[in-house]
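Single-structure report; data block below.
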Amino acid sequence: MELQHQRTVQDRLAAEPDVLFVYGTLQFPEVLQALLGRIPRSTPAIARAWRAAALDRRVYPGLVEAEQDANGLLLDDLSAKEWRALDSFEDDKYALREIHLVGGAHGWAYIWPGIDVLPENWDPTRFRTDHLTAYAARCGALTARRVSPAS
């Protein structure tokens with residue numbers, strides 16, 4: 001299973017993405033700090049014809065095609081090591097794809113396959129209030145396990 005996961009991570013990063021459009025939990029400094037040990041430089045961005053959809057039984061969203069726009073951030077100073085860390089963090093169901101943003105820019109984004117999508121959009125305010133603290137703590141624990149020496 002671990003070999004398959006490594007192959008998937010390598011395949012997703014084979015295109016050598018440069019900037020990452022984030023639209024869900026990765027917009028929160030607490031989550032980025034827990035996963036990367038720092039808060040990367042970011043600028044506001046909008047993905048046209050996409051939405052950050054609420055997902056059934058998940059506290060994080062999925063980016064799916066829609067007749068609306070998704071607000072987010074563009075992370076533009078990620079190192080190769082940080083890309084690998086974020087790619088490893090993302091659910092294997094996501095596909096990493098280049099998308100066009102409002103204003104003519106582009107960014108890479110983790111696209112959800114369309115399963116378990118709810119009709120409503122993901123609510124970042126509700127996430128902050130109800131889940132952020134515990135979610136960031138889980139992210140920190142994942143990072144600690146990933147970087148700690150094997151027993």
Side-chain touch Pro44/Asn71, heavy atoms, less than 4.5 angstrom: no
Work out which heavy atom in Ala70 is nearest to a heavy atom in Phe21; give both atom names and the distance. O-CZ, 3.6 Å
For Leu73 and Thr43: C-alpha separation, side-chain torsions, deciding distance, then whether side chain to side chain contact (heavy atoms under 4.5 Å, CB included) applies. CA-CA 5 Å; Leu73 298 173; Thr43 55; over 6 Å; no
Evaluate the ring planes of Tyr60 and Tyr94, with Trp represented by its six-membered ring, and classify them as parallel (under 30°), tilted (30 to 60°) or perpendicular (over 60°). tilted
Between atom CG of Leu101 and atom CG of Asp69, what is the distance when rounded to the nearest 0.5 Å? 10.5 Å
Can you label the angle between the Phe127 ring and the Phe28 ring as parallel, tilted or perpendicular, going by 30° and 60°? tilted
Taking all heavy atoms of Tyr23 and all of Gly62, pick out the closest pair and write down the distance. CE1-C, 3.9 Å
Looking at every non-hydrogen atom in both residues, tell me the closest pair between Glu98 and Trp108 and how far apart they are. N-CE3, 3.4 Å
Cluster check Leu142, Tyr110: I/L/V/M/F/W/Y, side chain < 4.5 angstrom: yes
For the pair Leu86 and Leu36, evaluate side chain to side chain contact (heavy atoms under 4.5 Å, CB included) and give the outcome as yes or no after the intermediate values. CA-CA 8 Å; Leu86 292 176; Leu36 303 177; 4.0 Å; yes
Ion pair Glu30/Arg128, N-O distance below 4.0 Å: yes
Please report the closest heavy-atom contact between Cys139 and Phe89, naming both atoms and the distance. SG-CE1, 3.7 Å
Look at the side chain of Asp76 and the backbone N and O of Val19, then say whether any donor-acceptor pair between them is shorter than 3.5 Å. no
Heavy-atom pair with the smallest gap, counting every atom of Arg38 and Arg41: NH1-N, 4.4 Å
Enter the distance from Leu35:CG to Leu26:CG here, rounded to the nearest 0.5 Å. 6.5 Å
Taken to the nearest 0.5 Å, the spacing of Leu20 CG from Asp77 CG works out to 11.0 Å
Hey, any chance Val59 and Val117 share a hydrophobic cluster, counting ILVMFWY side chains that come within less than 4.5 Å of each other, even indirectly? yes
If the threshold is 4.0 Å, N to carboxylate O, is there a salt bridge linking Glu67 and Arg51? no
Taking Gln33 for its side chain and Pro29 for its backbone only, find out whether a donor-acceptor pair lies under 3.5 Å. no
Salt-bridge test for Asp116 and Arg58: reply yes if a basic N is under 4.0 Å from a carboxylate O, no otherwise. yes
Going through the distances and angles, do His106 and Ile99 end up as a side chain to side chain contact (heavy atoms under 4.5 Å, CB included)? CA-CA 6 Å; His106 78 279; Ile99 62 170; over 6 Å; no
Give, for atom CG of Leu74 and atom CD1 of Ile46, the distance between the pair rounded to the nearest 0.5 Å. 12.0 Å
More than 12 non-hydrogen atoms from neighbouring residues, nucleotides or ligands closer than 6.0 Å to NE2 on His100, yes or no? no
Residues Ser42 and Leu75: closest non-hydrogen pair is CB-CD2, 3.6 Å
Report yes or no: does Trp112 contribute a side-chain atom to a donor-acceptor pair with the main-chain N or O of Ile115 at less than 3.5 Å? yes
Is it the case that Asn121 and Gln68 place a side-chain donor and acceptor less than 3.5 Å from each other? yes
